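By convention in this document, chain letters (A, B, ...) are assigned in the order of the sequence lines, proteins followed by strands, and residues within each chain are numbered from 1. The model shown is predicted, which means the values in this text are computed figures rather than measured ones.
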Amino acid sequence: MPHDLVSDFQARGLIHQSTDSSQLREWLSTPGRRVYAGFDPTADSLHVGHLVALVLLRRVAHAGHEPVALIGGATGMIGDPSGRSEERNLLSPDELAANIAGVERQIRGILSNAGNDGHVTRHHVVNNADWMRGVGYLEFLRDVGKHVPLSQMLGKDSVKSRLERDGGLSYTEFSYMLLQAWDFVHLSDALDCRVQIGGSDQWGNITAGIELGRRLRSRELHGITCPLLTKSDGTKMGKTASGAIWLDPRRTSPYRFYQYWINLDDDDAGRCLARLTPLSLEELTDLDAKRAANPAARDSQKRLAEELTRLVHGDTGLAAARQATDIFFGAEIGQLDDGQLAEIFADVPSREFPLSSLDGDGLQLVEALTDTGLAQSRGAARRTIEQGGAYVNNRRISDVAYRLTAKDLAGAATLVLRSGKKSYAIARFQ
RNA sequence: GGGGAGUUUCCCGAGCGGUCAAAGGGGUCAGACUGUAAAUCUGAUGGAUUAUUCCUUCGCAGGUUCGAAUCCUGCACUCCCCA
């Protein structure tokens, strides 16, 4: 395996800016080097936007180095102004603690199974609150602040752009870069970690750390930023009309996660394959060729969705997502238990009915469609049925007078209604 | 202050005494096609019931008529022109 991380990053389009690449290569030519990326705990889960950095750390591990994930327990209290147009709201200590716990679990999950070629990689997860907490304000100003020229701080994009806006920024957010700079120096002391990677919006913070390392320790630190993932329509990767795509299955089900990647357009899928998956460059070229020859097969999207769903949700998550995909795209729903149904249809609205409504003649399909909100009125429900748009457990029902009875149940007490191609609702009977 | 035009169903916009739940377009919802894309085509689109039919809707309130979205009166709002 070619262990030249820098060339690999370049080939995959992962480098936006970096410090001198020959020095970087030189430093990384010895195995076991430590490379870090930071994650601020702004929510109790990471989202797709964090995936690039996480995958970068996995690549670091693959190249024979040791990834270090830094959780910003301290910096998260302040809020990073980079890439932000408005002042952040401060998190309460409780929220922050919960966020740290959630984020840490996800990071460990992704880094510990980094060995899909068999080996468990050595990695570190650190929290900057651990070394920041004990540092007093005066001490910090003397030891760190004294070595950072104001002109340099004011020159950063994150500060400049905010000062030009109406809202400006607070002294608190202004100071953020000092904390991150100090993190870098601290990690170089404690772990001999000399490379920091991050999104392109982190360049200012990273160089602040490099500068501080030079002044304080006369030490050469290195930095790499990768381009922010954007879609070809200009929007941010991982953002949808209904919100962000999260890594936590409770926020975004494995099915929706999987679907997000399946639905990318061809160019985006190609770019994501290169940047987010461990596929070799040969495999990438191969998929590029297939995509050009037969775009309808959607090989790239499938492979991408598969790789990333397995990475984030594991094999069971991938299996669930696939099963859900089959069902959402027409497969008749056979024998599934209520638990499986609940999992597959996690994102679907549901409605409870008394179990007794299935007795005797049963429940009018028209009524079930309106009660679950799939149809606006009984007339609309009738119309949908007449036009062939109504399904029970994915079986088309075209009889307006159809009544649901116990034999229509998919699980023990669950039944799946659908209107048209995509609108589902779950009816639960109790 | 004077003169004129207007207010229609989710939106735009026809209708100017019965044949009006109201043309047409957009949107939306189904169906076909398709790459879970885009475009295109077909159907539907106030509510209840489908056999018929009933109820509610055309700025608001009254009135004239067997019958009004359409005529009259008053009120509210919007726009334009002249001072």
Side-chain angles (χ1 to χ4, degrees), chain A residues 48 230-243 245 252-273 286-309 313 317-333 344-349 351 361-403 416-425:
Chain A
V48 162
T230 51
K231 296 211 287 185
S232 42
D233 61 8
T235 57
K236 259 191 200 164
M237 188 62 75
K239 291 276 183 215
T240 66
S242 51
I245 302 291
T252 300
S253 69
Y255 164 73
R256 273 217 295 144
F257 183 87
Y258 181 87
Q259 282 295 317
Y260 178 77
W261 303 107
I262 286 279
N263 281 320
L264 286 186
D265 71 39
D266 297 351
D267 290 346
D268 291 335
R271 218 144 10 94
C272 285
L273 276 169
D286 186 42
L287 280 168
D288 286 343
K290 277 189 182 165
R291 192 167 63 243
N294 182 14
R298 299 170 76 71
D299 291 318
S300 297
Q301 282 88 340
K302 280 178 191 156
R303 189 64 193 274
L304 177 67
E306 207 170 284
E307 290 289 338
L308 294 180
T309 307
H313 297 296
L318 176 59
R322 277 190 167 142
Q323 190 176 31
T325 297
D326 286 344
I327 285 173
F328 278 120
F329 290 92
E332 206 171 300
I333 298 167
I344 291 169
F345 292 98
D347 307 318
V348 160
R351 157 90 208 223
D361 284 347
L363 177 68
Q364 275 193 328
L365 178 57
V366 168
E367 196 176 332
L369 287 173
T370 50
D371 284 357
T372 51
L374 284 180
Q376 298 259 322
S377 66
R378 296 173 67 84
R382 249 185 231 106
R383 231 175 281 132
T384 304
I385 298 172
E386 277 169 4
Q387 297 181 132
Y391 300 80
V392 174
N393 300 330
N394 273 351
R395 193 159 44 86
R396 179 180 279 178
I397 302 289
S398 45
D399 174 12
V400 177
Y402 193 83
R403 286 173 167 274
V416 181
L417 297 170
R418 174 178 142 209
S419 158
K421 282 187 177 50
K422 291 181 187 152
S423 317
Y424 281 86

- Query: side-chain hydrogen bond (donor to acceptor under 3.5 Å, both in side chains): which pairs involve residues 320-329 of chain A, sequence neighbours left out?
  - Reply: A/Q259-A/T325, A/E306-A/R322
- Message: Quick test of your reading: applying side-chain hydrogen bond (donor to acceptor under 3.5 Å, both in side chains), list the pairs with at least one residue in residues 387-396 of chain A, sequence neighbours left out, ordered by first then second residue.
- Response: A/Y391-A/R396, A/N394-A/R418, A/N394-A/Y424
- All pairs passing salt bridge (charged side-chain N to carboxylate O under 4.0 Å, His left out) where residues 290-301 of chain A contributes a residue, at least two apart: A/D288-A/R291
- Message: Below 4.0 angstrom, which residues in residues 363-371 of chain A have at least one non-hydrogen atom near RNA chain B?
- Response: none
- Which pair of heavy atoms, one from A/L264 and one from A/C272, lies closest together, and at what distance? CD1-SG, 4.0 Å
Kindly write out the residues that satisfy side-chain contact (heavy atoms from CB on, under 4.5 Å) with [X], not counting sequence neighbours, or none if the list is empty.
X      : answer
A/A425 : A/T372, A/L374
A/A321 : A/P254, A/Y258, A/T309
A/D399 : A/A401, A/Y402

- Message: Tell me every residue that passes salt bridge (charged side-chain N to carboxylate O under 4.0 Å, His left out) with A/D371, counting only those two or more places apart in sequence or in another chain.
- Response: none
- Task: Please list, chain by chain and in numerical order, all residues satisfying salt bridge (charged side-chain N to carboxylate O under 4.0 Å, His left out) with A/D347, sequence neighbours excluded.
- Result: A/R256
- Query: Will you find, in the side chains of A/Q301 and A/D266, an N or O donor that is under 3.5 Å from an N or O acceptor?
  - Reply: yes
- Within less than 4.0 Å of OP1 or OP2 of B/U50, is there a side-chain N or O belonging to A/R382? yes
- Query: Of all residues at least two apart in sequence or in a different chain, which pass the ring-ring contact (aromatic ring centres under 6.0 Å, His included) check with A/Y255?
  - Reply: A/F328
- B/S/- contact track for nucleotides 31-43 of chain B, protein heavy atom under 4.0 Å: SSB-BBS-----B
With rounding to the closest Å, how many angstrom separate the [atom1] atoms on [N] and [M]?
N     : M     : atom1 : answer
B/G15 : B/C20 : P     : 15 Å
B/U7  : B/C58 : P     : 14 Å
B/G6  : B/U70 : C1'   : 15 Å
B/G1  : B/C71 : P     : 29 Å
B/G47 : B/C10 : P     : 10 Å
B/C79 : B/U8  : P     : 14 Å
B/C29 : B/U78 : P     : 34 Å
B/U28 : B/C54 : P     : 35 Å

- Note on the structure: Contacts of A/S377 and A/R383 projected onto RNA chain B by closest heavy atom; the upstream (5') one is A/R383
- Task: Give the stems involving RNA chain B, where a stem is 3 or more consecutive Watson-Crick or G-U wobble pairs (i with j, i+1 with j-1, and so on) under 3.5 Å.
- Result: B:1-7 with B:76-82, B:10-12 with B:24-26, B:27-32 with B:40-45, B:46-48 with B:53-55, B:59-63 with B:71-75
